[in-house]
Q: 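Pasting in a structure now, in structure tokens, and then I'll have a few things to ask.
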Amino acid sequence: MASVSSQPQFRYTQPPSKVLHLRNLPWECTEEELIELGKPFGKVVNTKCNVGANRNQAFIEFADLNQAIAMISYYASSSEPAQVRGKTVYLQYSNRQEIVNNKTAADVAGNVLLVTIEGPDARLVSIDVLHLVFSAFGFVHKITTFEKTAGFQALVQFSDAETATSAKNALDGRSIPRYLLTENVGPCTLRITYSGHTDLSVKFQSHRSRDYTNPYLPVAPSAIDGSGQLTVGLDGKKLEPESNVLLASIENMQYAVTLEVLHMVFSSFGPVQKIAMFDKNGGVQALVQYPEIQTAVAAKEALEGHCIYDGGFCKLHLSYSRHTDLSIKVNNDRSRDYTLPNVSTVTMVNSQPSILGQQPSNVSMVTTNPPQYSGAQYAPTEQVGMPQPLAAWGVAAAPPAPQSMPMPMPMSMSMPMPMPMSNHSYMPPRYGNMPPHPGTMHMPSQSGLSQTMVYRPDHIQ
DNA sequence: AGCACA
């Protein structure tokens, strides 16, 4: 009962302190402005701004008590009051002797970001999408994801605080571009603060965590079945059984994708036996049959996510079909069996003006001499055309140019392959003449290669 | 216009 202090809550004179209390500050007064204000009187060693319910109070701590006294004394007798941005601020000694800055980790810039993915389908966002998004700002060392009361969160580790800061500034409050998400995933907004961590501990490559600096890290046992086969991809999705038949869906189909175009694109990997195109929930899909599973695998890995046309148009999404042999009933503009001894069909395909350049789409040649996609083909060929990643985020100010840090050790399971055509005899098309398409932009791939430009027809200019 | 989220 006797514990209530007899001290008045506010006194009109206070014992000197090297900490000064400021009030009536302008909205969102910065630390810099406080330092500017105190600097004439001594060394400001600490500040705290945005204090109080109205966030218009602050504290300045001087190195020496005499400096604080000098400032108070000066303004006590000055005809000009202390001002910040023309607003009079009121000074007095603080009733504390030092500023205690309970800066949380979230306030201290660090190399690791705490990312909260907001949205009803947030947990459907794969770690690969996060990696792609954050790689636009620099090499991402590690990512861990977890569920907390705050929702679905990720820790994203960069080399340094500067890189992390540029990512934070550009991405905080923004939504992941729709084209990076599958159709079943709703809008996902990113909330980003700094994490107190400096180095994440990643034990396994899994659908929950990755260490991009250590591709030899074992894959999580939970992702491997009894046979030692991967049943879960590193993105956490179940791996479909491989098949010689690919299901291609075409996103953002601004231009007609014909059977011939598909044949040409897919023939780069080996002979295409059959193609069947059909409409599926508003889009166009196609089944593409190779004789060999390996060919389909190569085509899928190389083409997945890439666009048939420059500019983000006609983006391919590939999966393995359950089919192994398509039954083509009729050769028309939607379906074709290239194995039939139908001279007119073969002639037509081979006499197609060689849109791809000099390379004839000679099926047998490709068959006997399949393209090899070795590491040498990682050589970036499209730096000129590297799009700014953030246009899709609706950011007015251009972000720093994406740094295409090469992976020290590419993880073959998650690395997008460079376009197979890049080093072929014809040149990949450059950005330039394509009609712009608002709202569509490409994220840079981890390898630094553009993800676009499978093929560019002459008839589109 | 009066002292720092617990």
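These numbers come from a predicted model, not from an experiment. In the text below, chain A, chain B and the rest are named by the order of the sequence lines, each starting its count at 1.
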Q: Tell me what A:Val100 touches on the nucleic acid: a base, only sugar-phosphate, or nothing, going by heavy atoms under 4.0 Å.
A: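 Base, at least one base heavy atom under 4.0 Å.
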Q: Find the distance A:Asn46:CG to B:dA4:C1' and express it as a whole number of Å.
A: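 Value for this atom pair: 12 Å.
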Q: Expressed in angstrom and rounded to an integer, what is the separation of A:Arg96 atom CZ from B:dA4 atom P?
A: 6 Å
Q: Sorted by first residue and then second, give each side chain to side chain donor-acceptor pair (under 3.5 Å) pair with at least one member in residues 75-91 of chain A; sequence neighbours left out.
A: A:Asn24-A:Lys87, A:Glu33-A:Arg85
Q: Quick one: A:Glu61 CD to B:dA4 C1', roughly how many Å, whole number?
A: 13 Å
Q: How long is the line joining CG of A:Asn95 and C1' of B:dA4, in whole Å?
A: 10 Å
Q: For a 4.5 angstrom cut-off between non-hydrogen side-chain atoms, does A:Lys18 reach A:Asp64?
A: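 A side-chain contact is absent here, since even the closest heavy-atom pair is not under 4.5 Å.
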Q: Using whole Å, what does the distance between atom P of nucleotide B:dA4 and atom OH of A:Tyr93 come to?
A: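 These atoms are roughly 20 Å apart.
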Q: If I take atom CG in residue A:Asn50 and atom P in nucleotide B:dC5, what distance separates them, rounded to the nearest angstrom?
A: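 Nearest whole value for this atom pair: 10 Å.
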Q: Side chains of A:Asn169 and A:Ser166: is there a donor and an acceptor less than 3.5 Å apart?
A: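 Note: A:Asn169 and A:Ser166 side chains miss the donor-acceptor criterion.
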Q: As a test of understanding, state which of A:Gln153, A:Lys148, A:Arg191 forms a side chain to side chain donor-acceptor pair (under 3.5 Å) with A:Thr116.
A: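 Only one option passes, and that is A:Gln153.
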Q: Give me the residues of residues 20-40 of chain A where at least one heavy atom lies under 4.0 Å from an atom of DNA chain B, by number, or none.
A: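 Per residue number, the list reads A:His21, A:Arg23, A:Asn24.
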Q: Is a side-chain donor or acceptor of A:Gln67 paired with a backbone partner of A:Lys43 at a separation under 3.5 angstrom?
A: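 Yes, A:Gln67 side chain to A:Lys43 backbone: donor-acceptor pair under 3.5 Å.
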Q: Does a donor on one side chain sit under 3.5 Å from an acceptor on the other, for A:Asp121 and A:Asn184?
A: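 Side-chain D/A pair, A:Asp121 to A:Asn184: absent.
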Q: Given atom CG of A:Asn56 and atom P of B:dA4, what is their separation to the nearest angstrom?
A: 13 Å
Q: Using the closest heavy atom to pick a nucleotide of DNA chain B for each, name whichever of A:Tyr90 or A:Gly52 lands nearer the 5' end.
A: A:Tyr90
